[in-house]
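Report on one structure; see the data block that follows.
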Amino acid sequence: YELPYLDAAFGADREKPLLSLPPDSPEPAAFRDRASVFVLLYLPWLLVYLAFEFLGPFRGAVDVRFAFERDLPVLEWTEAVYVSVYLFMALTPFLLKTKSEIRNFLLGGWVMCALGFFAFLTIPFIAPARDFVSWSFWGALINIERFCDSPATAFPAFHFAWPLLAAYSVGNSRGMKPLLLLYAAA
């Protein structure tokens with residue numbers, strides 16, 4: 001209801017905020033649209049995620065690992081795929097072509113975060129990491145990651161949700177959805 005007043009008072013072509021939800025437009029995405037992903041999606045997600053990390057597991061939380069998982073070996077080389085998600089997420093805003101694509105990615109990310117954080121609050125699940133002895137660079141990297149992570153933020157797994165959202169978004173943009181979804185599921 002304010003938009004017509006703002007248009008009348010300041011004109012429809014007034015200066016847009018530096019960071020905002022881009023319009024649903026096929027125009028090419030600008031740098032400010034891409035920067036909006038980092039400031040309006042990734043940064044708030046990180047701050048809330050770290051708050052849940054700080055709180056730790058709820059009393060009486062249920063271990064959701066399957067019995068067979070407890071005895072599986074830790075394959076250190078798989079950390080290369082696991083850590084590649086961080087690079088993929090950092091590149092995602094630059095792989096999306098249009099304002100519409102950035103907008104849909106932001107909206108999808110906000111919904112994913114709302115649902116994930118709501119689950120952290122209402123579903124007391126944990127998934128403690130398996131013990132192992134590190135023998136490689138990748139194993140050392142696993143240990144660093146584990147030091148920074150709490151079993152309380154293992155479910156729902158944002159590390160699985162983020163690349164699925166990004167693969168879906170970039171796949172739509174680049175016509176590579178099956179390949180990228182396969183990567184995200186790995």
Side-chain angles (χ1 to χ4, degrees), residues 19 34-96 102 105-171 179-186:
L19 301 171
R34 299 174 199 291
S36 292
V37 172
F38 290 91
V39 177
L40 302 177
L41 178 60
Y42 292 166
L43 182 61
W45 169 82
L46 179 63
L47 295 174
V48 176
Y49 185 85
L50 289 175
F52 279 102
E53 287 281 326
F54 178 76
L55 290 173
F58 290 116
R59 246 178 289 154
V62 178
D63 184 346
V64 293
R65 294 175 299 170
F66 293 108
F68 75 89
E69 286 183 279
R70 292 181 177 97
D71 297 325
L72 288 175
V74 174
L75 303 174
E76 296 179 29
W77 65 267
T78 60
E79 178 69 4
V81 175
Y82 190 84
V83 79
S84 72
V85 168
Y86 300 117
L87 178 61
F88 185 42
M89 293 312 302
L91 292 175
T92 295
F94 300 99
L95 296 173
L96 299 172
I102 297 272
F105 181 71
L106 272 166
L107 292 172
W110 288 338
V111 169
M112 180 190 69
C113 289
L115 294 173
F117 292 138
F118 181 74
F120 282 170
L121 284 173
T122 59
I123 306 171
F125 287 164
I126 59 169
R130 296 187 308 272
D131 291 329
F132 80 104
V133 176
S134 169
W135 295 104
S136 70
F137 166 77
W138 298 114
L141 200 54
I142 290 171
N143 283 328
I144 291 169
E145 259 189 313
R146 286 181 175 187
F147 178 76
C148 300
D149 274 340
S150 158
T153 55
F155 181 86
F158 277 108
H159 203 86
F160 181 69
W162 277 120
L164 281 179
L165 175 65
Y168 182 82
S169 300
V170 173
L179 180 63
L180 289 173
L181 287 174
L182 182 64
Y183 159 75

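Heavy-atom basis, side chains included; hydrogens, waters and symmetry copies ignored.
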Subject >> With sequence neighbours excluded, residues passing ring pair (Phe, Tyr, Trp, His ring centres under 6.0 Å) with Phe66 >> reply: Phe68
Subject >> Partner set under side chain to side chain contact (heavy atoms under 4.5 Å, CB included) for Ala157, not counting sequence neighbours >> reply: Phe160
Original post:
Which pair of non-hydrogen atoms, one from Phe105 and one from Ser169, has the smallest distance, and what is that distance?
Top reply: CD1-OG, 3.4 Å
Original post:
Going by the side-chain hydrogen bond (donor to acceptor under 3.5 Å, both in side chains) test, which pairs reach into residues 130-141, not counting sequence neighbours?
Top reply: Glu76-Ser136
Just list the side-chain donor-acceptor pairs under 3.5 Å for residues 50-64, sequence neighbours left out, or say none.
residue	atom	partner	partner atom	Å
Glu53	OE1	Ser150	N	2.6
Glu53	OE2	Tyr49	OH	3.4
Glu53	OE2	Ser150	N	3.2
Glu53	OE2	Thr153	OG1	2.3
Asp63	OD1	Arg65	N	3.0
Asp63	OD1	Arg65	NE	3.1
Asp63	OD2	Arg65	NE	3.2
Asp63	OD2	Arg65	NH2	2.7
Asp63	OD2	Arg70	NH2	3.3

Original post:
Is there side-chain contact between Val74 and Ile142, with heavy atoms separated by less than 4.5 Å?
Top reply: yes
Original post:
In Å and rounded to the nearest 0.5 Å, what is the CD1 to CG distance from Ile144 to Asp149?
Top reply: 12.5 Å
Original post:
Tell me, do Phe120 and Val48 make a side-chain contact under 4.5 Å, heavy atoms counted?
Top reply: no
Subject >> Note, Tyr42 side chain near Val37 side chain (heavy atom, < 4.5 Å) >> reply: yes
Subject >> side-chain hydrogen bond (donor to acceptor under 3.5 Å, both in side chains) involving Glu145 - partner list, sequence neighbours excluded >> reply: Tyr86
Original post:
For Met89 and Ala166, which heavy atoms make the closest approach, and how far apart are they?
Top reply: SD-CB, 3.7 Å
Original post:
What pair of heavy atoms forms the shortest contact from Gly139 to Phe132, and how long is it?
Top reply: O-CZ, 3.7 Å
Original post:
Considering all heavy atoms of both residues, which atom of Ile102 and which atom of Arg34 are nearest to each other, and what is their separation?
Top reply: CD1-CG, 4.1 Å
Subject >> Greater than 12 external heavy atoms within 6.0 Å of Phe125's CZ >> reply: yes
Original post:
Tyr82 versus Leu141: any side-chain heavy-atom pair under 4.5 Å?
Top reply: no
**OP:** Give me the ring orientation class for Trp45 and Trp162: parallel if the planes are under 30° apart, tilted from 30 to 60°, perpendicular past 60°.
**Re:** perpendicular
Per-pair distances, 0.1 Å, donor-acceptor, side chain in residues 109-117, under 3.5 Å, sequence neighbours excluded:
residue	atom	partner	partner atom	Å
Trp110	NE1	Leu40	O	2.9

Subject >> Exercise: identify the closest heavy-atom pair between Phe38 and Pro93 >> reply: CE1-CG, 3.7 Å
Original post:
When rounded to the nearest 0.5 angstrom, what distance separates CG in Leu41 from CG in Leu165?
Top reply: 8.0 Å
